[in-house]
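Computation of the quantities below employed the complete heavy-atom set of this structure, encompassing side-chain atoms and omitting hydrogens, waters and symmetry-equivalent molecules. Being a predicted model, the structure only gives us computed values, none of them experimental. We number each residue from 1, following the sequence as shown.
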Amino acid sequence: MSEHTGQLERNIGFLEAMTLGGGTMIGAGIFILPGIAAEGAGPASSISFVIAGFVALLAALSLSELATGMPVAGGSYHYVNRALGGFFGSIVGWGMWTGLMFASAFYMIGFGQYLVQPIPFLDGRALVVLLGLVGLALIVGVNYYGTEESSKLQNVMIGTETAIVLVYVALGLFFIDPANLEPFAPTGPSGIIATTGIVFVSFLGFEIIATVAGEVKDPSRNIPLTMVLSVVLVTILYALVMLVTTGVVRYQEIGDSLVPVSDVAVVFMGSIGVVAIVAAAAIAAISSSNSSVLAAARVNFAMGRDELMSDWLNVTHDRFGTPHRAIIATGAVTALLIAVGLEVETIVSLLAEVASFSFLVSYSLVHVALVVFRRADPEDYDPSFRIPDALYPAVPVLGVLLTVVVISQMATIIIGLGLGIVGLGVGWYFLYVRDHAIDRGLIGEAITQGSVGYRVVVPVSNPETQERLIRLAAATAHAHTEEGTPELVAVNVLQVADPSPQQNIAAERLEHQRDLLESAREIASEMDVKLRTVAMSGDRVDETLLEAISHEAPDQVVLGWRGTLSNGGYVFGPNLDAVVEDAPCEVTLVTFHGNPIGGTVALAGPGPHAPFAARRAAEFATVDGTTPTLLNVQQMRDGDEDAAVERGEAVIDEVAGRAGLESGAYQREVVVAADTEVAILDAVSQYDTVCVGLSERSAASRVMFGTIASRISQEATGNVGIVRGAPES
């Protein structure tokens, strides 16, 4: 694989996905958190895990649908960025990246704690941190070497620790003393909910499946199946572990322990059991941290791909095929977090809760992103798994509400730190993303879905003609208000030689594009018309424009044209010919020679596009409140001028009828002359704006001999619109 492909291989199967997801959740949290959870909610901490599992299950359902619709690296970050744009993408991207690194540091400090605690002469905070750093170095090295190798190591570790945990639960159930479970909920409902926030970090594993979706085999089957299965099974297991832990030893005695499962195991499993638990805890910490580093690296890899971070990160290793730079960056920051963990007792809970906060915020936005995708329904979004109709929109709505409830019960310092991370994402957006990334969320389409009537796409690239172009487009849109709320879509294409995830687009060009679209928004706001902006890049402007037109499905596209035939075998130019020929909607090419739209005239002739030109003239006339004129030129026959005028008026009325113009909504003008082309040019010179239907002659013929439309565009002193009707379906 080339170093510069920026693509990841699909080498994670069902078992590997289950061990990445379920394994991470069965991992370190089950050995470290029971003490903290018991201190917060007593035996009822088992309910805290069930609530956390339910919140996670709701998020897993939304993520499953999104992940099968877009099985690429990035997980929640990618879906939120795609649905809600770069602002929320920055918040979730930073939240996920930091949350996973906090979780990884939390696991590795637990790893050191479990190794040091049973051996008195090894006890020491510095040694805990040192062992954590050594473990992290091992994980970073494995991830750097290869995802497949990382997954295989994960399978072995998860199998071992799961077997030990199952033995712990199976034996422990026989040693539960019901008296130890009284009082069951000493801190009441608020304590249970608050503890939910602490233990939620245990349920990050299913998110990791979505984060590495770009590497999962058969993603439409494996992603939803492993997400839901892993959450359900792990929730049951955690509830049982808490019942055993608080049922065998009173919760007050294990509340302060950093190795609670080991302290409980010694009661009914003896010293051999303790050794097994310590081994399992160490393995669990390694496996959980491994999953977190694996996922965190995919988040900043994806952010580099989307230009929300430097594209230096969006590169895969030429030999191992791994996102090695993203892995190194993730490992370095995680090492710093471990290094500040000298105050182990304090940092363990802190790291866990901050990670939980970050992911609760991310999941609430993921639920919103799902609703946005459902409403916007973009063409490239076709998930193989969809939340059943009976559960939609209950799942995303309930998911958002529950995450807010859990966050509201977290400690003030955690909320403060969590909001600090959110603020980091916001600041990052304004300092970096806004000037680098091309922002194109679906939120606008989702909001307007179902209420949009006539839609006009307006490609903008020339600041000198942009205002007049948008004004004309708005006039045509307003003429269709009875069909629903009209909408303009301003599109700018940034031409780049080879648009790839690794390519930097010069900042000044992005700035020019942003200025154009911002100017379009200001013009539209002055005209009281709804306008969306779309920024795109591509190596061919015409193909990229057609892509945008196909996506937006407009009724009409209005383009600016300089008014002269192009060289090199083109008619209107290399950026316009394909659009004029292939756009599946009405097309209007506008050449500006004067500022006012003023009085408008349309040529009413036999061509198939004449009625569209007549309709456009009527729409343009609304800009200055004039009445359009339909012009027909007749040749004299047998010296009977009255008969010629009568024939011309009949043609005009027939064209007006096909255009849907009512009698009285237009004026008729018939010119009788020997040379019709000269007469037409003379007649239209009396108007400010002339509309003419596109010639049906071939493109080659237009290039060689020109058309009356092109002659008018070149010789008229007023503005000219060449109109092509929509292709017949």
**Study point:** Under 3.5 Å side-chain donor-acceptor pair for Ser76 and Ser362
**Key:**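 Their side chains do not contain a donor-acceptor pair, so the 3.5 Å distance test is not met.
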Exercise for review: Report, as yes or no, whether the 6.0 Å neighbourhood of atom CG on Leu419 holds more than 12 heavy atoms from other residues, nucleotides or ligands.
Suggested key: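 Result for CG/Leu419: enclosed.
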Review point. Is Phe54 atom CZ crowded by more than 12 heavy atoms from other residues, nucleotides or ligands, each under 6.0 Å away?
Key: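 No - once you tally the heavy atoms of other residues, nucleotides and ligands closer than 6.0 Å, there are 12 at most.
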Review point. With a 6.0 Å cut-off on ring centres, are Phe206 and Tyr363 close enough?
Key: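 Yes, the ring centres sit under 6.0 Å apart.
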Taking all heavy atoms of [X] and all of [Y], pick out the closest pair and write down the distance.
| X | Y | result |
| --- | --- | --- |
| Ser292 | Leu100 | CB-O, 3.6 Å |
| Met410 | Ser356 | CE-CB, 4.1 Å |
| Ala52 | Phe203 | CB-CE1, 3.6 Å |
| Gly331 | Val140 | CA-CG2, 3.8 Å |
| Leu243 | Leu181 | O-CD2, 4.3 Å |
| Ile327 | Asn143 | CD1-O, 3.3 Å |

Point to revise | Test applied, side-chain contact (heavy atoms from CB on, under 4.5 Å); reference residue, Ile51; option that passes from Leu402, Thr196, Val199, Thr235 | key: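 Answer after filtering Leu402, Thr196, Val199, Thr235: Thr196.
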Looking at [X] and [Y], would you say the former's side chain and the latter's main chain have a donor-acceptor pair under 3.5 Å?
| X | Y | value |
| --- | --- | --- |
| Arg250 | Ala179 | yes |
| Thr322 | Tyr144 | yes |
| Thr334 | Thr330 | yes |

Check your understanding: If you measure from CH2 on Trp97 to CE on Met101, what distance do you get to the nearest 0.5 Å?
Key ->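 With rounding to 0.5 Å, CH2 (Trp97) is 4.0 Å from CE (Met101).
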Review point. When rounded to the nearest 0.5 angstrom, what is the spacing between CZ in Phe106 and CD in Glu353?
Key: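 Reported to 0.5 Å precision, the distance equals 10.0 Å.
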Check your understanding: Once the angle between the rings of Phe87 and Phe430 is folded into 0 to 90°, is it parallel (under 30°), tilted (30 to 60°) or perpendicular (over 60°)?
Key ->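 The rings of Phe87 and Phe430 stand perpendicular, inter-plane angle above 60°.
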Check your understanding: Should the pair Trp428 and Tyr432 be assigned to parallel (<30°), tilted (30 to 60°) or perpendicular (>60°) ring geometry?
Key ->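 Aromatic pair Trp428/Tyr432 classed parallel.
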Review point. Quick one: side-chain hydrogen bond (donor to acceptor under 3.5 Å, both in side chains) pairs with a partner in residues 164-188, sequence neighbours left out?
Key: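 Matches after skipping sequence neighbours: Tyr168-Thr245.
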Review point. Can you check whether Leu229 reaches Val232 side chain to side chain, under 4.5 Å on heavy atoms?
Key: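 No, their side chains stay 4.5 Å or more apart.
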